[in-house]
Amino acid sequence: MSNVRVAVVTGSNKGIGLAIVRALCRQFPGDVYLTSRDAGRGQAAVAQLQQEGLNPLFHQLDIDDLQSIRALRDFLKDKYGGLDVLVNNAGIAFKVHDTTPFAVQAEVTLKTNFFGTRNVCTELLPLVKPYGRVVNVSSMVSSSALRGCSQELQQKFRSDTITEEELVQLMAKFVEDTKRGVHEKEGWPNTAYGVSKIGVTVLSRIHARLLTERRKGEHILLNACCPGWVRTDMAGPKATKSPEEGAETPVYLALLPSSADAPHGQFVSDKTVKPW
Ligand code: NAP
């Protein structure tokens, strides 16, 4: 088993994820894994970085596929005995003008952005080593969507005692409510992406709390962040930040020095803790 440190970035064959891998290859003292659900797209991205003189490694990972997540888990356990940096970046968003029925958009978006990300956390968080760093790429849209929720939902999502099971039930309820056409009546905002990212931010707060309670002394720091509005296939060419600029906050959180004890369990944008 190798003593080399290891970083993994999900959904990193393009966009912000690829820029995060590029920055980690330059700054992280260890192996950096570019992962992609499609091996061809992943290998092409690795080749692109190799042409820049960088040396990322590759592993397949589809966060919608539990077998794929577990294969990566077993690989990391065998080869490295764990994991030092995990960046949960993979995500999807329907375009604003997409005519797919809202209930389908809700189910598909929540499946990847919330349930997929959660499955990665379930399998990989137990592997994270002392002084590990976990970064969940959420969005400022999670904050605006939170403000669009009923007072009752806002209270639950801001609660310091909400459990992972309660959060999972609420996310599943949103999908069911959209299918029954009652999501607005039930206090939800009209954004599947926004609700999925509420899920990512609240899951981060819960996981950080559990790390503090159960793994005190391991100095692991876990945060959610917004990369900003970034020119990628998701956000389009009019966005204000380059992918490299979008990678700055996630990379800052991934490389928090071992002497740091904060931020932890926060929502961070432009390297600054934002109120939730
Ligand atoms: P992007 O260019 O569309 O890239 C998304 C990446 O996620 C791609 O590599 C994609 O792979 C991957 N992915 C999607 N579903 C996956 C799955 N099931 N398993 C593994 N990988 C999967 O988008 P981006 O703008 O870089 O977004 C990266 C993250 O930043 C997302 O979480 C997004 O919500 C968040 N974000 C973006 C912005 C923005 O302005 N761009 C703002 C706030 C937050 P494929 O190539 O195979 O599709």
Side-chain angles (χ1 to χ4, degrees), residues 8-23 33-46 48-49 56 58-73 86-96 98 105 107-121 123-124 134-145 191-201 203-204 223-251 253-254 267-270 274:
V8 170
V9 184
T10 72
S12 47
N13 53 283
K14 67 177 185 179
I16 298 164
L18 178 61
I20 294 171
V21 167
R22 179 182 284 117
Y33 279 83
L34 185 156
T35 67
S36 172
R37 56 180 158 182
D38 180 88
R41 287 198 287 276
Q43 298 288 8
V46 166
Q48 186 188 334
L49 292 182
F58 175 73
H59 203 285
Q60 195 273 346
L61 176 65
D62 181 346
I63 71 164
D64 289 345
D65 176 356
L66 204 47
Q67 274 193 339
S68 167
I69 299 171
R70 288 182 173 156
L72 175 64
R73 176 200 64 189
L86 171 63
V87 182
N88 280 305
N89 164 81
I92 58 159
F94 283 83
K95 301 288 180 215
V96 180
D98 195 305
Q105 294 199 18
E107 180 153 44
V108 171
T109 307
L110 272 279
K111 180 180 173 180
T112 299
N113 293 5
F114 178 71
F115 291 103
T117 300
R118 176 184 181 238
N119 285 341
V120 172
C121 293
E123 300 300 332
L124 296 191
V134 182
V135 185
N136 295 330
V137 181
S138 183
S139 170
M140 286 305 275
V141 175
S142 69
S143 303
S144 52
T191 158
Y193 180 77
V195 172
S196 76
K197 292 299 193 180
I198 290 177
V200 172
T201 303
L203 187 69
S204 307
N223 292 284
C225 70
C226 177
W229 190 32
V230 185
R231 291 187 294 277
T232 63
D233 287 349
M234 181 181 287
K238 289 188 189 145
T240 47
K241 286 188 181 183
S242 67
E244 278 58 45
E245 289 166 331
E248 279 177 23
T249 292
V251 169
L253 293 170
F267 179 66
V268 180
S269 175
D270 285 329
K274 302 288 175 189

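When a ligand or atom number is given, it counts from 1 through the structure's own listing order.
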Does the K197 side chain pair with the main chain of S143, one donor and one acceptor, at a distance under 3.5 Å? no
Beyond-backbone contact of L124 with L72, side-chain heavy atoms, under 4.5 angstrom: yes
Would you confirm whether T232, through its side chain, and G15, through its main-chain N or O, come within 3.5 Å as a donor-acceptor pair?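 Not a single qualifying donor-acceptor pair exists.
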Is there a heavy atom in D233 that sits closer than 4.0 Å to ligand 1? yes
What residue and atom, counting heavy atoms only, is the protein's closest point to atom 46 (O) of ligand 1, and at what distance? N13 ND2, 2.8 Å
Let me confirm one number: the CD-CD1 distance from E123 to I63, rounded to the nearest 0.5 Å.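 The CD atom of E123 sits 13.0 Å away from the CD1 atom of I63.
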Determine whether the side chain, the backbone, both or neither of P227 has a heavy atom under 4.0 Å from any heavy atom of ligand 1.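 Under 4.0 Å from ligand 1, P227 contributes side-chain atoms alone.
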Atom 39 (C) of ligand 1 - nearest protein heavy atom and its distance: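 Of the protein heavy atoms, V230 N, 3.6 Å lies nearest.
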Distance-only, no hydrogens or angles: does the K111 side chain make a donor-acceptor pair with backbone N or O of D64 under 3.5 Å? no
Side chain, backbone, both or neither: N113 near ligand 1, heavy atoms under 4.0 Å: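 Within the 4.0 Å criterion, N113 makes no contact with ligand 1.
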Which protein heavy atom lies closest to atom 5 (C) of ligand 1, and at what distance to 0.1 Å? G91 O, 3.6 Å
Return a yes/no value for A235: is any of its N or O atoms, backbone included, closer than 3.5 angstrom to an N or O of ligand 1?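 So ligand 1 has no N or O lying under 3.5 Å from an N or O of A235.
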Any S68 heavy atom less than 4.0 Å to ligand 1: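 S68: no contact with ligand 1 (<4.0 Å).
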Note the single closest protein heavy atom to atom 31 (C) of ligand 1, along with its residue, its atom name and the distance in Å. N89 O, 3.2 Å
As an exercise, identify every atom of ligand 1 less than 4.0 angstrom from a heavy atom of G228.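 Counting atoms of ligand 1 from 1, those under 4.0 Å from G228 are 38 (C), 39 (C), 40 (O), 42 (C), 43 (C).
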Going by the order shown, which atoms of ligand 1 are within less than 4.0 Å of some heavy atom of D64? 18 (N)
Quick one: look up the protein heavy atom nearest atom 44 (C) of ligand 1 and list residue, atom name and how far away it is. S138 O, 3.2 Å
Measuring only between side-chain heavy atoms, which start at C-beta, is V135 closer than 4.5 Å to C225?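 Side-chain contact under 4.5 Å: yes.
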If you measure from each non-hydrogen atom of R41 to ligand 1, which part falls under 4.0 Å: side chain, backbone, both or neither? side chain
For ligand 1, find out whether one of its N or O atoms is nearer than 3.5 Å to an N or O atom of T112. no
Contact between L34 and V9 at the side-chain level, heavy atoms closer than 4.5 Å - yes or no? no
Less than 3.5 Å between some nitrogen or oxygen of W229 and one of ligand 1, yes or no? no
Answer with yes or no whether the side chains of S204 and N136 bring together a donor and an acceptor at under 3.5 Å.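 There is such a pair (donor and acceptor under 3.5 Å, judged by atom type) between the side chains of N136 and S204.
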Just by modelled atom types, is the A90 backbone N or O under 3.5 Å from a matching donor or acceptor in the T10 side chain? yes
Is I20 close to N89 at the side-chain level, that is, under 4.5 Å between some pair of heavy atoms?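 Yes, close enough: below the 4.5 Å cut-off.
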Quick check: does any side chain N or O of K95 sit under 3.5 Å from a backbone N or O of M234, one acting as donor and the other as acceptor?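 Yes, K95 side chain to M234 backbone: donor-acceptor pair under 3.5 Å.
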What atoms of ligand 1 come within less than 4.0 Å of a heavy atom belonging to V137?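 Atoms satisfying the 4.0 Å criterion: 29 (C), 30 (O), 32 (O), 35 (C).
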What are the atoms of ligand 1, with element, lying closer than 4.0 Å to any heavy atom of S139? 43 (C), 44 (C)
Starting from atom 13 (N) of ligand 1, which protein heavy atom do you reach first, and at what distance in Å?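 Result for atom 13 (N) of ligand 1: A90 CB, 3.9 Å.
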Those atoms of ligand 1 less than 4.0 Å from some heavy atom in G15: 2 (O), 26 (O)
Do S12 side-chain atoms and T35 backbone N/O form a donor-acceptor pair below 3.5 Å?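 Looks like yes, one N/O pair under 3.5 Å.
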Between OG on residue S68 and CG on residue L61, distance to nearest 0.5 Å: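 The OG atom of S68 sits 4.5 Å away from the CG atom of L61.
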Is the side chain of T249 donor-acceptor paired with the backbone N or O of S269 at a distance under 3.5 Å, no angle test? no
May I ask whether P243 has any heavy atom positioned less than 4.0 angstrom from an atom of ligand 1?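 In this structure, P243 fails to qualify as a contact of ligand 1 - no heavy atom is under 4.0 Å.
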Using a plain distance cutoff, I'd like to know if G17 has any nitrogen or oxygen under 3.5 Å from a nitrogen or oxygen of ligand 1. no
When you measure from atom 17 (C) of ligand 1 to each heavy atom in D62, T35, I20, which option holds the nearest one? D62
Who's the nearest protein heavy-atom neighbour of atom 34 (O) of ligand 1, and how far?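 For atom 34 (O) of ligand 1, the nearest protein heavy atom comes out as Y193 OH, 2.6 Å.
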At what distance is the nearest protein heavy atom to atom 6 (C) of ligand 1, and which residue and atom is it? G11 O, 3.4 Å
What distance do Q67 atom CD and D62 atom CG have between them, rounded to the nearest 0.5 Å? 11.0 Å
K197 contact mode with ligand 1 (heavy-atom cut-off under 4.0 Å):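 The answer is the side chain.
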Only heavy atoms of L61, strictly under 4.0 Å: list the atoms of ligand 1 that pass. 19 (N), 20 (C)
At under 4.0 Å between heavy atoms, which part of I92 makes contact with ligand 1: side chain, backbone, both or neither?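 I92 to ligand 1: side-chain contact only, backbone stays beyond 4.0 Å.
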Under 3.5 Å donor-acceptor, R231 side chain and T240 backbone: yes
